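Read the structure below first, then the notes.
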Amino acid sequence: MIEVKSVGMNYGNTKALDEVSFVAEKGKILGLLGPNGAGKTTLMRILTSYLYPSKGTATIDGHDVTEEPLAARRLIGYMPETVPLYDDMLVDEYLIFIGSARGLGGEQLRQRLRWVKENCGLGPIWKHTISEISKGFRQRAGLAQALIHDPQVLILDEPMTGLDPLQIIGIRELMHRLAQDKTVIFSTHILQEVEALADRIVILNNGRMIAEGTRHEITQMATKGEKLTLVVKADENDVRSTLENEEVVDELRFVGSEGNYIKFFVSADTGKPLVSRLNEVIDKKGWSIRELKREQASLEEAFIWLLSRDQKKDRR
Ligand code: ADP
């Protein structure tokens, strides 16, 4: 549905985006994750044809954003970081205005107004002046204007900003429902948001794409070597001294005991046959094994690792 092709963007001497390419599929939520200044907003502005890229392009359902910006825009609902709400208007007036600008009228417009009122939770402030409503309601009115024409593609810049935890849960549920037949791209600098929402993640840093994939694929990139949890019924000191003397073991950490069982964290550098060697040792010693499980880095660990690797590249 969305294809980003080698997009680059310069603001004077600032390289805001450099060779960014990825695909976002229908029925999936793609999370754009990156620290402030990474280039997330710039990329969303290019996708919505508010900005013309310095290099490369993107297509929305086959429409090139630089060559057919209006056709591309028709397919998109966009919620910018700061939604341009008209403070003097009532909430319903504002949404009628946006709906009309999107070409809706008559029963179709009324039906969409009812839909956004209910699904974005705007009932309590439907007849309020926009200047009076709270930050959370402003955010939801912003989401309603992006959804009023029932777009195929939703592009949401930091959609959870200003929402309280209950409202965040409500918007997450709505996004999951919407993603069943739409393509959703949202940006955030908050890891928990991508963990909770995204089917695929694109990580940007200093305008560069430093990782792309599912959560599992990204954490896999950062899990260097082999990391295992071992739970065995054995004497703690025996396990410790045996494994400490094993050439394949680079790190051994006692985690705790559970009844007769003791738990260790064991790791080895890439390329070492840790699992097979451990199995041999356990077998030879006759320890009763309850668990030998591969550990994965958390998304947070992976994110920090990817960022520091990128910064090292910068310094070189
Ligand atoms: P993010 O949304 O990830 O915080 P942005 O896309 O807003 O990142 O910004 C990326 C980089 O481009 C930053 O270094 C920012 O200062 C710069 N930038 C963004 N907009 C402009 C602009 N209009 N003029 C000059 N520099 C800009």
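First listed ligand is number 1; within each ligand, the first listed atom is number 1. Everything numeric here is computed off the predicted structure, so don't read it as measured data.
At a threshold of 4.5 Å between non-hydrogen side-chain atoms, the residues L154 and M175 do not count as touching. For the pair Q152/D61, no side-chain contact is recorded, criterion being any heavy-atom separation below 4.5 Å from C-beta on. Using a 4.5 Å heavy-atom cutoff, the side chains of V153 and I155 are in contact. Side-chain contact check for T57 versus V7: every heavy-atom pair is 4.5 Å or farther apart.
For atom 26 (N) of ligand 1, a protein heavy-atom neighbour is found at a distance under 4.0 Å. Remark: atom 15 (C) of ligand 1 lies closer than 4.0 Å to no protein heavy atom.
Considering both main-chain and side-chain atoms, A38 comes within under 3.5 Å of ligand 1 through a nitrogen or oxygen pair. When only interatomic distances are considered, the shortest N/O to N/O separation between R45 and ligand 1 does not fall below 3.5 Å. Taking distance alone, with nitrogen or oxygen atoms compared against 3.5 Å, T41 approaches ligand 1 more closely than that limit.
Under a 4.0 Å criterion applied to the non-hydrogen atoms of N36, ligand 1 contributes the atoms 4 (O).
Remark: minimum distance from atom 8 (O) of ligand 1 to any protein heavy atom is reached at G39 N, 3.1 Å. Protein heavy atom in closest approach to atom 5 (P) of ligand 1: T42 OG1, 3.7 Å. Residue, atom and distance of the protein heavy atom nearest to atom 24 (N) of ligand 1 are Y11 CD2, 3.5 Å.
Aromatic ring orientation, F97 versus Y86: perpendicular (interplanar angle above 60°, classes split at 30° and 60°).
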- request: Begin from the C-alpha positions of R240 and E236 and carry the test salt bridge (Lys or Arg N to Asp or Glu O under 4.0 Å) through to its verdict.
  value: CA-CA 6 Å; R240 200 187 285 275; E236 186 194 323; 2.7 Å; yes
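A side-chain N or O of D157 and one of S187 form a donor-acceptor pair less than 3.5 Å apart.
The option with the heavy atom closest to atom 4 (O) of ligand 1, from among G34, G37, P35, is G37.
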